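Residue numbers run from 1 in the order of the sequence given. The structure presented is a predicted model; accordingly, all values stated were derived computationally and were not measured.
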Amino acid sequence: MLLCPHEAITRRRFAKTLTGSAAAAYVAASFPELALAQMPTTLRFPANFLWGCATASYQIEGAVSDDGRKPSVWDTFSHTPGNTFHGETGDIADDSYHLYKEDVKLLKNLDAKCYRFSISWSRVFPEGTGQPNQKGLDYYQRVVDELLKNNIAPYVTLFHWDLPQALPGGWQSRDTSNAFSDYAAYIAKHLSDRVGHFFTTNEFVCFTDSGYKDGTFAPGLKLPAGQVNQIRHHGILAHGMAVQALRANARPGMQIGLAENATVYVPVIENAEQIEAAHRATREGNAPFLTAVMEGKYTDGYLEREGANAPKVEPGDMKIIGSPLDFVGLNVYTPEYVRADSSPAGYVIEQRQSSFPRMASDWLYIGPEVMYWAVRNVCDIWKPKELYITENGCSADDFITPEGRIEDTDRVMYLRNYLTHLHRAAAEGYPIKGYFLWSLIDNYEWADGYSKRFGIHYVDFKTQKRTPKLSAEWYREVIAKNAVE
C-alpha cells in the first residue's frame, strides 16, 4: 500500500517517539516498512559506564586453614551434617586463594573494568578482633596489586556473610558491631591507598533473617521475633559504624556504600496509582534495612507491626545507621508485583502463580523489569548520588558438550533481557555508574553447595579448570561495545 507524503511523515515521527520492546513490536506489526529503518537495534550505555564481575570470599577462596585463617560461621555451619547439599563445604571451593592470578586473567580476557570481591574477616582477624593477621592482609594486597596491574579497579566488600566464629554471640551481640567497625578501620588504613570503593556489608537479610530466623544459613538458628529484630539492628548499626570508621581512616576521595538485595516491587501496570503503590511497598517492605539506612530512622509502620518485638535502640544509633553514603549498590534478581488497593498500606502484593518462569534455583523467578524498578524505586524515594548494580545473574543447568563448550543460551537470554531494562533506567537519567555480573566463576553456592552454577566461567571442581561459557563470550561483546544488542 502506498502512503501519501503527509501520512508517511506522520508515521515516521510517530515511530521515532516510541521506545522499548513493546513499541518496537507495535511498529513492526503496524508499519513494517518503518520497522528496520526507524527502530534502534543497539542499546548503548553512557560513556565511562563500568562493567565488571562479582564474587565472595567463602564462595571462591578455599584455603580455610592457610596462613593463619580461623573458622567463620560458614565453616562451622557447612561442616554440620544436614545443613548443606550433600554436606558440601567451602574448604576448597575454587581455590582462588592460590589461583587468584588465573581469575584476574579471566577478568582481563573479558576486558572488565572492575571487580567486586569480599574480604574474609576471619582471614584478617582470626579471632574477629584483637591481633590482626599480617599474612591474611598480605593476600588481599596481592589481589589488589594484581588487579591494578591489569587495569581493573578493585571494589572491596568488607562483609559477605563469613562472620568469624570466635566472636561471642555473633550478630546477637552488639559487641560484634563494634568489632566490625575496628576491622573496617584497619582495612581502610591498609588498602585505601589502592582501593577507591568500599562496600560495608552484603545483603542484610541473608546474614540476619536467614541465619537467625529461618536457620537456612549460618549460624543456623531459629530465634523469636524480638531477638531477630535486635540482630537486624546490630547488622545495620555495624554498617553505619563501618561507614564512619572508613571515613575516619581512609585516604581522601574514597567512596563508601553498601550492597543490598532490597526487595523490589514492580507495579502491575505503569500508571501513577500503581507506581505510587510500588513506592509505598518499597519503603515499607525494606523498613528494617535499606529504608532505615537511607532515612536514619525506622518507619512508624515497622515499629507498629513489631510492637513489643521492635528493636531496642540506644541514643545515637539511628544517626550512625543513617550515615551519608557516596553510592548505593543493589543486588537484583527477582521481582514482587504490587497493585494499589484501599487498605491503610495502600498496596497489596500479588501472589505469584505456579506457572511463573524461573531459572535453575527455585527462588530465582525471571522478571527482567525488576532491574528497571530496582533502580527507579530507590532513586525516586531516596535520590542516591550514584548507584551500582552490585549483583545480577542466574543459575543454569550447565553442561559441557562433546566439543568442550558450555552453551548456556538460557543465561544469555536472562542477562540480555535484564540489561535491556537497566539500559532503560540509564536512558531515563538515573545515576547508574556500573554493573557487576554474578558471577565470574562457578562457586560454592552456600547451602546449595556446588549444585547450582552461577558463573560465566565453568569450573571443574575436581581439577579447578576454568572454561569460558557462551555467556562469557556474550558479555565480552557487551563490554567491548558498551551496549546490548
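Ring planes of Phe199 and Phe327: perpendicular class, angle over 60° (limits at 30 and 60°). Aromatic ring orientation, Phe356 versus Tyr337: tilted (interplanar angle from 30° to 60°). Ring planes of Trp121 and Tyr183: parallel class, angle under 30° (limits at 30 and 60°).
Between atom CG of residue Leu440 and atom CG of residue Leu110 there is a gap of 7.0 Å, rounded to the nearest 0.5 Å. Distance check: Leu137 CG to Ile119 CD1 gives 8.0 Å after rounding to the nearest 0.5 Å. Distance CZ/Arg305 to CG/Asn229: 10.0 Å, rounded to 0.5 Å. Here Ile231 contributes atom CD1 and Ile236 contributes atom CD1; the two are 13.0 Å apart, rounded to the nearest 0.5 Å. Here the OG1-CG distance, from Thr390 to Leu258, works out to 8.0 Å after rounding to the nearest 0.5 Å. Rounding to the nearest 0.5 Å gives a distance of 7.5 Å between CG of Leu147 and OH of Tyr115.
Remark: Glu391 engages Arg116 in a salt bridge, criterion side-chain N to carboxylate O under 4.0 Å. Classification of Asp317 and Arg174 as a salt-bridged pair holds, one side-chain N sitting under 4.0 Å from a carboxylate O. Under a 4.0 Å N-O distance rule, the pair Lys149/Glu146 qualifies as a salt bridge. Electrostatic pairing of Asp448 and Arg453 does not count as a salt bridge here, judged by no charged N lying under 4.0 Å from a carboxylate O. Salt bridge present: Arg405 and Glu407 bring a charged side-chain N and a carboxylate O closer than 4.0 Å. The pair Arg232-Asp209 counts as a salt bridge, with a side-chain nitrogen and a carboxylate oxygen less than 4.0 angstrom apart. For Asp162 and Arg69, the salt-bridge test fails: no basic side-chain N is under 4.0 Å from an acidic carboxylate O. Ion pair Asp326/Lys433 not flagged as a salt bridge, since none of the NZ, NE, NH1 or NH2 atoms sits closer than 4.0 Å to an Asp/Glu carboxylate oxygen. Ion pairing between Arg411 and Asp398 holds under the 4.0 Å rule for side-chain N and carboxylate O. A salt bridge is defined here as a Lys NZ or Arg NE, NH1 or NH2 lying under 4.0 Å from an Asp or Glu carboxylate O, and Arg466 with Asp103 meets this definition.
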- Message: Show, in sequence, the C-alpha distance, side-chain angles and deciding distance for Leu437 and Leu415, and conclude whether the side-chain contact (heavy atoms from CB on, under 4.5 Å) test is met.
- Response: CA-CA 9 Å; Leu437 190 154; Leu415 294 170; 3.7 Å; yes
- Message: Quick one, Leu158 with Thr201, criterion side-chain contact (heavy atoms from CB on, under 4.5 Å). Give me CA distance, side-chain angles, the key distance, then yes/no.
- Response: CA-CA 6 Å; Leu158 294 178; Thr201 55; over 6 Å; no
- Message: I'd like to know whether Phe117 forms a ring pair (Phe, Tyr, Trp, His ring centres under 6.0 Å) with Tyr155, so could you lay out the CA-CA distance, the side-chain angles of the two residues, the decisive distance to 0.1 Å, and finally the verdict.
- Response: CA-CA 7 Å; Phe117 65 97; Tyr155 281 62; 9.8 Å; no
- Message: The test is ring pair (Phe, Tyr, Trp, His ring centres under 6.0 Å); show your working for Trp161 and Phe159 and say whether it passes.
- Response: CA-CA 6 Å; Trp161 311 353; Phe159 179 68; 8.5 Å; no
- Item | side chain to side chain donor-acceptor pair (under 3.5 Å) evaluation trace for Glu61 with Ser96 | CA-CA 4 Å; Glu61 287 179 2; Ser96 195; over 6 Å; no
- Where do Asp75 and Ser72 land on the side chain to side chain donor-acceptor pair (under 3.5 Å) test, with the steps shown first? CA-CA 5 Å; Asp75 294 283; Ser72 74; 3.0 Å; yes
- I would like to know whether Trp74 and Phe217 meet ring pair (Phe, Tyr, Trp, His ring centres under 6.0 Å); could you show each step before the answer? CA-CA 8 Å; Trp74 266 97; Phe217 281 3; 5.5 Å; yes
- Verdict with reasoning, Thr208 to Trp171, per side-chain contact (heavy atoms from CB on, under 4.5 Å): CA-CA 8 Å; Thr208 59; Trp171 289 111; 5.6 Å; no
- Task: Could you go through the ring pair (Phe, Tyr, Trp, His ring centres under 6.0 Å) check for Tyr435 and Tyr388 one step at a time?
- Result: CA-CA 6 Å; Tyr435 171 89; Tyr388 292 86; over 10 Å; no
- Task: List the steps, then state whether side chain to side chain donor-acceptor pair (under 3.5 Å) holds for Glu295 with Trp382.
- Result: CA-CA 8 Å; Glu295 299 182 12; Trp382 296 300; 2.9 Å; yes
- May I have the step-by-step check of salt bridge (charged side-chain N to carboxylate O under 4.0 Å, His left out) for Asp442 and Lys469, ending in yes or no? CA-CA 11 Å; Asp442 293 334; Lys469 303 177 187 179; 2.8 Å; yes
- Query: For His190 and Tyr140, what are the C-alpha separation, side-chain angles and deciding distance, and is it a side chain to side chain donor-acceptor pair (under 3.5 Å)?
  - Reply: CA-CA 10 Å; His190 291 86; Tyr140 295 107; over 6 Å; no
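Under the 3.5 Å distance criterion, the side-chain polar atoms of Ser177 are matched with a main-chain donor or acceptor of His234.
A side-chain N or O of Asp408 and one of Ser471 form a donor-acceptor pair less than 3.5 Å apart. Using modelled atom types, one finds a donor on one side chain and an acceptor on the other under 3.5 Å when comparing Thr200 with His239. A donor-acceptor contact under 3.5 angstrom links the side chains of Glu203 and Asn331, judged on distance only. In the model, Asp67 has a side-chain atom that pairs as donor or acceptor with a side-chain atom of Tyr97 under 3.5 Å. Looking at Gln134 and Asp138, their side chains do bring a donor and an acceptor atom within 3.5 Å of each other. When only modelled atom types and interatomic distance are considered, Glu369 and Tyr418 share no side-chain donor-acceptor pair under 3.5 Å. For the residue pair Thr291 / Tyr302, no side-chain donor-acceptor distance below 3.5 Å is found, with atom types taken as modelled. Side chains of Ser118 and Thr157: no donor on one and acceptor on the other come within 3.5 Å. Using modelled atom types, one finds no donor on one side chain facing an acceptor on the other under 3.5 Å when comparing Ser181 with Gln244. Inspection of the Asn443 and Ser439 side chains reveals an N or O donor paired with an N or O acceptor under 3.5 Å. Residues His86 and Tyr450 have side chains that never bring a donor and an acceptor to within less than 3.5 angstrom of each other.
Between Leu470 and the options Ile406, Asp410, Ile456, Thr409, a side-chain contact (heavy atoms from CB on, under 4.5 Å) holds for only Thr409.
By the neighbour-count criterion of 12 heavy atoms within 6.0 Å, atom CG of Asp397 is sparsely surrounded, having that number or fewer from other residues, nucleotides or ligands. Other residues, nucleotides and ligands contribute over 12 non-hydrogen atoms within 6.0 Å of the NZ atom of Lys312.
When all heavy atoms of Ala185 and Asn249 are compared, the closest pair comes out as CB-ND2, 3.3 Å. Leu387 and Cys379 make their closest contact through CD1-SG, 3.9 Å (heavy atoms, listed as atom of the first residue, atom of the second, distance). Looking at every heavy atom in both residues, Ala188 comes nearest to Leu246 through CB-CD2, 3.7 Å.
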